[in-house]
*Asks:* 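Sharing a structure, written as structure tokens. Questions coming.
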Amino acid sequence: MLAFCSRAVAAMVRPCVLGRPRHLVKPVWASRVAGRYLSHQRGLPSLPVPPLQQTCQRYMAALEPIVEAHELSRTRRLVEEFQEAGGVGERLQRGLERRARGADNWLSQWWVQVAYLDFRMPVVVHSSPGLVLPRMDFRDRAGQIRFASRLIAGVLDFKTMIDNETLPVEYLGGKPLCMNQYYQVLSSCRIPGLKSDSVVNHARSSRPPRHITVAHNCQFFQLDVYSSDGTPLTPDQLCVQLEKICGASREAEAEPVGILTTQHRDVWGEAYLRLISDETNKESVTAIQRSIFTLCLDGAPRGAAAELHRSSAAVQMLHGGGSRGHSANRWFDKTLQFIVGEDGTCGANYEHAPAEGPPIVALIDHVVEYTRRKPETPGSPAGSPPVPRRLRFNVTPEIRRDIQDAKVSMDSLAQDLEVRVEVFGHFGKNVPKAHKMSPDAFIQMALQLAYYRRFRRCCSTYESASLRMFRLGRTDTIRSASSASASFVKAFDDPSKQNQEKVDLMENAVRAHRAYTNMAVSGQAIDRHLLGLKMQAAEENLPVPAVFTDPAYAKALHYRLSTSQVPSKTDCVMCFGPVVPDGYGVCYNPMEDHINFAVSAFNSCRETDAAVLAGAVEEALLDMRRLLDQNPRSKL
Ligand code: COA
Ligand code: HC5
């Protein structure tokens, strides 16, 4: 199942020029990035392997609100068998504990492989999130280029902190977090393979890249962003360079090769080999992969009603709107793509394998803050920079067919996705805090209530929890549907229940959610442990244990609600697609006095409707506040 199993830290980040990796790189801190970063990372705890009995017991509790009673009793038998003394569970647990002793993180490589590189659906919508910035105040090409120049300068300013290891360490609940992901987001790219993908990172190669890729009019350009003396180009110089690119790309119509990156990964993997069999194409693709990041300068937007501007902006960031929109003005394999539209719509799309949202958002917060600073008086630039290089592609009839196929698939995906962005303006974190409740738990319970009101049942729900308290930690799952949440949502609209009882049930549900969160961020949740046990069985060539072929396990992993809180300093909205055909993707950014959220769903599913769920969430938040306001809690 696993394509590679080395324990090297940055194994997910493979050195290579093109195609499959040849050898694994050394851990980040064993190479050029040393010093402060190294000592910080060494001081972090390792991800624990939770006790087997604890996970089994918590797994049973998690199933309760989402499976039928007869399924639960079958699963109870299987779990008992799995964990009995001398059974396969104990053997796998010992294997995992052994793995943990010999690795910097027993999970992270497996996770990147299973969750991303072996996942074959298109990265577009199915994996890569979008991020919408507040609309900028320009409305024309000149303003677009001026803003884009400052944005590039802002990213380079952040890159200096990465290069010099002066990034401030982040904390969660007073504990320092792993900073590794910051070293993975620039100068890296996903590479399609036939059965599994890989990620390359050129940041620490002997010749680190000094250029970015600019996409305009579906054409790609290599833009050097450092002068010959190693200093970053000034925004004024960058403006001139971007003008040249826009001029050059206006002249010619090009084959939209970027659309290939929107394909199913197996299909793209094959087309990729055809594409790079030509030397010119190979060189162009390498330039994109090596670049520090991609800047997509989008042309004129297709008009959207003002109140839906944020929703259409979310679509532009998530997939670009289809082949006649901006979907081909992207290279979706690139880890970080900034998108700047002519009408002031700005944001980003990122390929998820190397990093989670928070480091990307921290970078973007920095860039936005940088672009708002008063422009510095320009210094005297050292010489005039070279003309940006057009990245040429020779398109054979076979590749033209690949492009045509990709257009058809992308357009049907674009047709299928509905995204609704809402700015909930009635309150933010302030109200739950005033009621002494965790704002995140409060919002999650509103989601549970909204879903229950719509479908009259609870569903398996995923919320991302950060594991960055641990070295090389990524995420675990907070299962928001609990017995406590089920009791709360079932009682809420029940006229036979007293308000005081509803308040108690709400408190209980919020408390249970916060307790699950604490458990997850401290490495004691169940989902990654269960995945690890399953992977360990494959590692030891054992048959898949029956607990993992049990329908209840499949149900538990069928997340009709896939959710994530991603906070930011900038007032932005993040979004991602549903993870199952009949599910919703819900990303929210709780600010102090309002909450930005985006809901996505597939049009092909008759049951789901993003706008309806978004409305139901707003209603649930308001109803929950009303209940609390009208029924002050009894003082203990
Ligand atoms: N009474 C009053 N205030 C409370 C409270 C209570 N009972 N419980 C929490 N608060 C406060 C907190 O102190 C915090 O204050 P701040 O706004 O000053 O920071 C605030 O409310 C938010 O806390 P809470 O809503 O409980 O959530 P959190 O910030 O702890 O976040 C997670 C919870 C799960 C989102 C977080 O732990 C996490 O893992 N984040 C990363 C998720 C991630 O990686 N997402 C992207 C994946 S790509
Ligand atoms: C711009 C931030 C987007 C957040 C992306 C996110 O939350 O990704 C989750 C990662 C994880 O491991 O939990 C996956 N999810 C989108 C399916 C929730």
Side-chain angles (χ1 to χ4, degrees), residues 107-108 111-112 114-116 119 123 125-133 170-175 177-178 181 185 314 317-318 336 347-365 428-445 461-469 473-478 480 507 510-511 513-523 525 527-528 531 557 559 561-570 572-580 583-593 595-598 600:
L107 171 68
S108 52
W111 178 246
V112 170
V114 171
Y116 298 108
F119 180 67
V123 290
V125 173
H126 299 290
S127 179
S128 299
L131 181 148
V132 186
L133 289 173
E170 293 174 315
Y171 289 82
L172 181 67
K175 301 247 174 67
L177 299 183
C178 173
Q181 290 173 28
V185 295
M317 302 310 148
L318 255 185
L336 189 51
N349 179 283
Y350 85 91
E351 199 292 298
H352 215 320
E356 307 308 337
I360 305 278
V361 170
L363 188 156
I364 288 172
D365 276 339
K429 290 192 281 187
N430 52 354
V431 162
K433 279 184 188 177
H435 288 281
K436 305 234 174 333
M437 290 184 182
S438 148
D440 184 69
F442 188 88
I443 296 167
Q444 284 290 330
M445 290 310 109
T461 306
Y462 180 110
E463 183 192 0
S464 306
S466 176
L467 285 179
R468 284 177 56 210
M469 272 185 201
R474 297 290 301 253
T475 59
D476 206 329
T477 311
I478 303 169
S480 311
E507 276 193 341
V510 164
R511 219 176 306 116
H513 189 83
R514 188 61 237 183
Y516 203 124
T517 300
N518 290 342
M519 175 174 112
V521 299
S522 56
D527 280 275
R528 301 302 180 266
L531 173 75
L557 295 181
Y559 296 111
L561 278 175
S562 166
T563 79
S564 187
Q565 179 195 140
V566 189
S568 65
K569 284 192 211 145
T570 316
C572 52
V573 186
M574 292 72 142
C575 50
F576 46 77
V579 296
V580 293
Y584 294 97
V586 184
C587 194
Y588 53 96
N589 177 6
M591 314 290 279
E592 209 47 38
D593 62 356
I595 306 167
N596 298 335
F597 65 97
S600 63

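Just follow the structure's listing: the first ligand is 1, and inside any ligand the first atom is 1.
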*Asks:* Are any non-hydrogen side-chain atoms of Leu131 and Met574 less than 4.5 angstrom apart?
*Replies:* yes
*Asks:* May I ask you to list the atoms of ligand 1 that are less than 4.0 angstrom from any heavy atom of Ser564?
*Replies:*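 Those qualifying, in numeric order: 45 (N), 46 (C), 47 (C).
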*Asks:* Among all protein heavy atoms in this structure, tell me which lies nearest to atom 4 (C) of ligand 1, with the distance rounded to 0.1 Å.
*Replies:* Met437 O, 4.0 Å
*Asks:* Report the nearest protein non-hydrogen atom to atom 35 (C) of ligand 1: residue, atom name, distance rounded to 0.1 Å.
*Replies:* Gln565 NE2, 3.6 Å
*Asks:* Between Pro358 and ligand 1, which residue portion shows a heavy-atom distance shorter than 4.0 Å: side chain, backbone, both, or neither?
*Replies:* side chain
*Asks:* Suppose we measure from atom 19 (O) of ligand 1 to each protein heavy atom; which comes out shortest, and what is that distance?
*Replies:* Lys429 NZ, 4.5 Å
*Asks:* So among Val580, Val579, Thr461, which one has a side chain to side chain contact (heavy atoms under 4.5 Å, CB included) with Ser562?
*Replies:*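 Among Val580, Val579, Thr461, the one that satisfies the side chain to side chain contact (heavy atoms under 4.5 Å, CB included) with Ser562 is Val579.
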*Asks:* Can you tell me how far the OH atom of Tyr462 sits from the CG atom of Leu561, to the nearest 0.5 Å?
*Replies:*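 If we round to the nearest 0.5 Å, Tyr462:OH and Leu561:CG are 13.5 Å apart.
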*Asks:* Distance under 4.0 Å to a non-hydrogen atom of His352: what atoms of ligand 1 satisfy this?
*Replies:*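 It comes down to these atoms of ligand 1: 48 (S).
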*Asks:* Counting both backbone and side chain atoms, is some N or O of Glu356 under 3.5 Å from an N or O of ligand 1?
*Replies:*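 For ligand 1, there is no N or O atom that lies under 3.5 Å from one belonging to Glu356.
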*Asks:* Would you give the length of the straight line joining atom CG of Leu531 to atom CH2 of Trp111, rounded to the nearest 0.5 angstrom?
*Replies:* 7.0 Å
*Asks:* To check your reading of the model: name the closest protein heavy atom to atom 48 (S) of ligand 1, its residue, and the distance in Å.
*Replies:* Gly357 N, 3.1 Å
*Asks:* Under a 4.5 Å cut-off applied to non-hydrogen side-chain atoms, are Ile478 and Val521 in contact?
*Replies:*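 Heavy-atom side-chain distance check fails, nothing below 4.5 Å.
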*Asks:* With a 4.0 Å cut-off on heavy atoms, does Ile443 reach ligand 1?
*Replies:* no
*Asks:* Can you find a protein heavy atom under 4.0 Å from atom 13 (O) of ligand 1?
*Replies:*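 False for atom 13 (O) of ligand 1.
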*Asks:* Please check if the side chain of Arg468 supplies one atom and the backbone of Cys178 the other of a donor-acceptor pair under 3.5 Å.
*Replies:*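 Indeed, once roles are kept as given, a pair shorter than 3.5 Å links the two residues.
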*Asks:* Any idea which protein heavy atom is nearest atom 37 (O) of ligand 1, and the distance to it?
*Replies:* Val521 CG1, 3.6 Å
*Asks:* Got a protein heavy atom sitting under 4.0 Å from atom 29 (O) of ligand 1?
*Replies:*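 No, there is no protein heavy atom closer to it than 4.0 Å.
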*Asks:* Taking the side chain as every heavy atom from C-beta outward, state whether Leu107 and Leu467 have any pair of such atoms under 4.5 Å apart.
*Replies:* yes
*Asks:* Could a heavy atom of Glu463 be found less than 4.0 Å from some atom of ligand 1?
*Replies:*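 Yes, that is the case, since the closest heavy atom of the residue is under 4.0 Å from the ligand.
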*Asks:* With a 4.5 Å heavy-atom cut-off, do Gln181 and Arg474 have their side chains touching?
*Replies:*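 A side-chain contact under 4.5 Å exists here.
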*Asks:* So which protein residues pack against ligand 2 under 4.0 Å, heavy atoms counted?
*Replies:* Trp111, Tyr116, Pro129, Tyr350, His352, Glu356, Gly357, Tyr462, Ser464, Thr475, Ser562, Thr563, Ser564, Val566, Met574, Phe576, Val579
*Asks:* What residue and atom, counting heavy atoms only, is the protein's closest point to atom 21 (O) of ligand 1, and at what distance?
*Replies:*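 Ranking protein heavy atoms by distance from atom 21 (O) of ligand 1, first comes Pro439 CD, 3.1 Å.
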*Asks:* Under 3.5 Å, N or O to N or O, is Ser438 touching ligand 1 that way?
*Replies:*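 In this structure, Ser438 places an N or O atom under 3.5 Å from an N or O of ligand 1.
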*Asks:* Could you tell me whether the side chain of Asp440 reaches within less than 4.5 Å of the side chain of Glu463, counting heavy atoms only?
*Replies:*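 Yes. Closest side-chain heavy atoms under 4.5 Å.
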*Asks:* Supply the atom-to-atom distance Asn430 CG to Met591 CE, rounded to the nearest 0.5 angstrom.
*Replies:*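 The distance works out to 12.0 Å.
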*Asks:* With a 4.0 Å cut-off, strictly under, does atom 46 (C) of ligand 1 pick up any protein heavy atom?
*Replies:*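 Answer yes: something from the protein, a heavy atom, is under 4.0 Å.
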*Asks:* Do any nitrogen or oxygen atoms of Asp440 come within less than 3.5 Å of a nitrogen or oxygen of ligand 1?
*Replies:* yes
*Asks:* Is a side-chain donor-acceptor pair under 3.5 Å present for Thr477 with Arg528?
*Replies:* yes
*Asks:* Can a donor-acceptor pair be found, under 3.5 Å and without considering hydrogens, that links the side chain of Asn589 to the backbone of Val573?
*Replies:*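 Answer holds: no.
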*Asks:* State whether the side chain of Thr563 and the backbone N or O of Val586 hold a donor-acceptor pair below 3.5 Å, judged by distance alone.
*Replies:*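 No, because the side chain of Thr563 does not come within donor-acceptor range (under 3.5 Å) of the backbone of Val586.
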*Asks:* Quick one: does any side-chain atom of Asn349 pair with a main-chain N or O of Met317 as donor and acceptor, under 3.5 Å?
*Replies:* yes
*Asks:* Nearest protein heavy atom to atom 41 (C) of ligand 1, by residue and atom, and its distance?
*Replies:* Ser466 CB, 3.6 Å
*Asks:* Do side-chain atoms of Asp593 reach the backbone of Gly428 as a donor and acceptor pair under 3.5 angstrom?
*Replies:* no
*Asks:* Could you tell me which atoms of ligand 1, counted from 1 in the order shown, lie closer than 4.0 angstrom to a heavy atom of Ile478?
*Replies:* 34 (C)
*Asks:* Just wondering, do Arg514 and Val510 contact through their side chains at under 4.5 Å, heavy atoms?
*Replies:*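 The answer is no, as the side chains (C-beta and beyond) never meet within the 4.5 Å cut-off.
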*Asks:* Among protein heavy atoms, which lies nearest atom 36 (C) of ligand 1, and at what distance?
*Replies:*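 Answer for atom 36 (C) of ligand 1: Leu172 CD1, 4.4 Å.
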*Asks:* Does ligand 1 have any atom that is closer than 4.0 Å to a heavy atom of His435?
*Replies:* no
*Asks:* Counting from 1, what ligand 1 atoms have a heavy atom of Lys436 closer than 4.0 Å?
*Replies:*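 Listed by number with element: 1 (N), 6 (C), 7 (N).
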*Asks:* Does an N or O from Lys433, backbone or side chain, lie closer than 3.5 Å to an N or O of ligand 1?
*Replies:* yes
*Asks:* For ligand 1, which atoms sit closer than 4.0 Å to a heavy atom of Ala465?
*Replies:* 39 (O)
*Asks:* Polar contacts were defined as any N/O atom of the residue lying under 3.5 Å from an N/O atom of the ligand; does this apply to Arg514 and ligand 1?
*Replies:*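 Indeed, backbone or side chain, Arg514 has an N or O that close.
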*Asks:* When rounded to the nearest 0.5 angstrom, what is the spacing between OH in Tyr350 and OG in Ser128?
*Replies:* 8.5 Å
*Asks:* Would Gln444 and Tyr588 count as having a side-chain donor-acceptor pair, cut-off 3.5 Å?
*Replies:*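 Distance-only check passes for Gln444 and Tyr588.
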*Asks:* Which ligand 1 atoms does Ser464 reach within 4.0 Å, using its non-hydrogen atoms?
*Replies:* 42 (C), 45 (N), 47 (C)
*Asks:* Measuring only between side-chain heavy atoms, which start at C-beta, is Gln565 closer than 4.5 Å to Ile443?
*Replies:*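 Of all side-chain heavy-atom pairs linking Ile443 with Gln565, none is under 4.5 Å.
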